[in-house]
There are 4 protein chains.
Amino acid sequence: MRARGRQTMRTLLDAGAEVFAERGYHAARVDDIVTRAETSHGTFYLYFSNKEELFRALAVDVAAAIVELGEALPPITADGAGEQRLRDWLDRFADLYERNRSTLQAWTEAEIGDSEFGRLGDDVFAELSRVVATRVRASAPDDIDPVTAGLAVVAMIERLHYYAATGQVRISREETVGTLASVTHDAIFGNTTPRR
Amino acid sequence: MRARGRQTMRTLLDAGAEVFAERGYHAARVDDIVTRAETSHGTFYLYFSNKEELFRALAVDVAAAIVELGEALPPITADGAGEQRLRDWLDRFADLYERNRSTLQAWTEAEIGDSEFGRLGDDVFAELSRVVATRVRASAPDDIDPVTAGLAVVAMIERLHYYAATGQVRISREETVGTLASVTHDAIFGNTTPRR
Amino acid sequence: MRARGRQTMRTLLDAGAEVFAERGYHAARVDDIVTRAETSHGTFYLYFSNKEELFRALAVDVAAAIVELGEALPPITADGAGEQRLRDWLDRFADLYERNRSTLQAWTEAEIGDSEFGRLGDDVFAELSRVVATRVRASAPDDIDPVTAGLAVVAMIERLHYYAATGQVRISREETVGTLASVTHDAIFGNTTPRR
Amino acid sequence: MRARGRQTMRTLLDAGAEVFAERGYHAARVDDIVTRAETSHGTFYLYFSNKEELFRALAVDVAAAIVELGEALPPITADGAGEQRLRDWLDRFADLYERNRSTLQAWTEAEIGDSEFGRLGDDVFAELSRVVATRVRASAPDDIDPVTAGLAVVAMIERLHYYAATGQVRISREETVGTLASVTHDAIFGNTTPRR
DNA sequence: TATGAATGAGATTTCATTCAT
DNA sequence: AATGAATGAAATCTCATTCAT
């Protein structure tokens, strides 16, 4: 594939991301995508064998970015510095979510049955949960599984962003990050800030 | 509607719930539903004006049950008794999720764009979050919004069940409930169990 | 399937046979068939999952008729009575070919690669050849295989009708039957009619 | 056209012959041909204005070879020497069929409706039939048309090779040629070999 | 002379919904 | 109250051919 081809593919991917975000995965039509990309159906099928494959191409990239970010999660300590590091990391997560809002939103909808998306999503979540687990392990009570606890935290982080992104609730980015940092840190180390 | 009609409607609702669970809202075909219900297309449209309406009929019931359960959330105290009450409530939530697994799973997928499902889901979540917020308020640090924190917790609870239900991860019901109780209680009151 | 459904299916089969005959298997469009049958695409796919399946339905019937006719091939003797019986049988074959002209013509075109049509055609030819072989066996020279000779004769019969039917050559039905009877009988028993 | 151009054209013709043989005329894609020829769509249309023209280029050559072979059919006599000459000629026909198997196989499928291929094929068959007719004429009974009889024989020869070539039946080349020689000679002069 | 990319007309297929009985 | 049949709009996908370099 030459430069022109790569450019066309890029245009299609971008158009796809936009359309998926606007209309959702299922309601998105290949026709919408090619119209947005100002190209033809024929060209679309030159690069992707169907809508699902284009989505997978988007999802794979995002998955890689999430895993990479997961690996960058720093050790979290019980003190204020630890909470700040957590907050910084969550800020980067928010960046990533914002940048890939459309794909992540559509992912939820595509993730049904035994599609590959599901498995891809699993891998990402499993990886993230494992990383979080290593941070939780040090402090978790004996009777709960750190990996499950990690998964719960990851689920919370992802879903709150999802609700914020879809506009189902109206929360600012700062609020989202701040709340998650506080709740997560408390969940791990206990609530040490002064009560009202 | 006579007894026979009610029976037919019931059969269709049950069939719909199963098919939605298996294939997801979008992939579910009216044909799948009527085949499962051992009836005909004609009959389907005698009771529901379209696929969406059948789903709404399922969703409305579940939504009411969730709101009702939310209202039953007892005051949570920092001590062991408080955590036990939280655990008991989460147990009932697990019951509810299990009983309506199919609808709740499909809901996620249907919840896109500006459909009524989304709004219905919003109401449910908002209501639950508000209730949780009243419990969180007492202990949350000054700088975070209790409603947002409540929403975060609710998101965590719902999503972990979702992952467990779809089999994307393999966690037992006990583990799910236990972890959620522990993490949630810790998030609110701090981790008071002995560290390893 | 009720009476109405059977009628619709019949209409589609008839329309298919006509269209295949007129335009050939490959050039035939589902659209041509439904237009001819005065029905809709939707209805077509209610009865056949694609063009190929409709053709197979036609071909299976014809195949059965040919095999049945093959079984009716009487013992052929060297005398004039034998040739007359052969001629009568070829007349019935001509009837059958005429009645199913369209399908048999299209079959040639569809029969390529490893499609099921090919195998179906094989079975028919093999069966016919075997029957002819039993008649040839009595008189064939030692060094040739009666089944191969039977196949050769069957090939000749089928192809001559095909050429006559497609109009590639202009031969009357009488001429076709007469020539085949004479040539086939001679091939088996030797040319006993007076030379010019 | 320079040497390089001729080479490219040759490569395309060869690739076309292979692909037509494997997949049949209709199922053959220009894409298959250019991939096999390790060249591009652009180049294909530089040498042939369409798929049909490439096929015609192949067919014309084969047609000429068949006509030429037809003219080489020697006078056939009733004695063993005559049958041997016939056998030798059929052997050359088998050579020709083998060499051009791919094109001849595809030809059958392409020959539909009023395409030029049909007419090309007609000419070839007509020519062959006429030649065979001159050999048959001497011995045929009064009531059959020698040209029709010739056509019947030609049809038999061609089809038996076709069946053998497509692998629809499993006959060796020797068996094919032997059977055709025997049956054809018998058809013309009567069966003179000793009966079993 | 060669080619990768683009095209778009047209084919197939699906499926929610309506109809006639 | 029930149903089998029909519909057709809209979606997906294919591929011979043309274009720009």
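Numbers restart at 1 for each chain; the letters A, B, ... are given by sequence-line order, proteins then strands. Because only heavy atoms are used, hydrogens play no part in the values below, and waters and symmetry mates are left out as well, while side chains stay in.
- Put simply, CG on Leu54(B) is 16 Å from C1' on dC15(E), counting in whole angstrom units.
- Both the sub-6.0 Å distance and the 45° axial angle are not jointly satisfied by Lys51(A) relative to the ring of Phe44(A).
- OP1 or OP2 of dA5(F) has not a single side-chain nitrogen or oxygen of Arg2(C) nearer than 4.0 Å.
- Note on Arg23(C) versus Glu18(C): no salt bridge recorded, every NZ/NE/NH1/NH2 to OD/OE distance being 4.0 Å or above.
- Between the CD1 atom of Ile33(A) and the P atom of dA11(F) there is a distance of 12 Å, rounded to whole Å.
- The residue among Lys51(A) and Arg6(C) whose nearest nucleotide of DNA chain F lies closer to the 5′ end is Arg6(C).
- Under 4.0 angstrom from either OP1 or OP2 of dA6(E) there lies no side-chain N or O belonging to Thr39(A).
- Rounded to an integer number of Å, the gap from CZ of Arg29(D) to P of dT17(F) is 11 Å.
- Not one side-chain nitrogen or oxygen of Ser49(D) sits closer than 4.0 Å to the OP1 or OP2 atom of dT17(F).
- Residue contacts shown for Tyr47(A) are limited to sugar-phosphate atoms, with no base heavy atom under 4.0 Å away.
- Under the Watson-Crick or G-U wobble criterion, with both distances below 3.5 Å, dA20(F) is paired with dT3(E).
- Using a cutoff of 4.0 Å between basic side-chain nitrogens and carboxylate oxygens, Asp14(B) and Arg10(B) are scored as salt-bridged.
- Note on Tyr45(C): every side-chain N or O is 4.0 Å or more away from OP1 and OP2 of dA6(F).
- Across the protein-nucleic acid pair, Asp32(B) atom CG and dT14(E) atom C1' stand 12 Å apart, rounded to whole Å.
- Phosphate proximity of dA6(E) to Thr43(A): absent, as no side-chain N or O sits under 4.0 Å from OP1 or OP2.
- Between dA5(F) and Arg4(C), no contact under 4.0 Å exists linking OP1 or OP2 to a side-chain N or O.
- Note on Ala28(B): only backbone sugar-phosphate atoms sit closer than 4.0 angstrom, heavy atoms only; bases stay farther off.
- Among the heavy atoms of the strands lying under 4.0 Å from Gly42(A) is at least one base atom, whether or not backbone atoms are also near.
- Side-chain contact check for Thr11(C) and Thr8(C): no donor-acceptor pair (N or O, by modelled atom type) lies under 3.5 Å.
- Nearest-nucleotide positions on DNA chain E for Phe44(A) and His41(C) put Phe44(A) closer to the 5' end.
- In this structure, Ser40(A) and Val30(C) both approach DNA chain E, and ranking their closest nucleotides by distance from the 5' end singles out Ser40(A).
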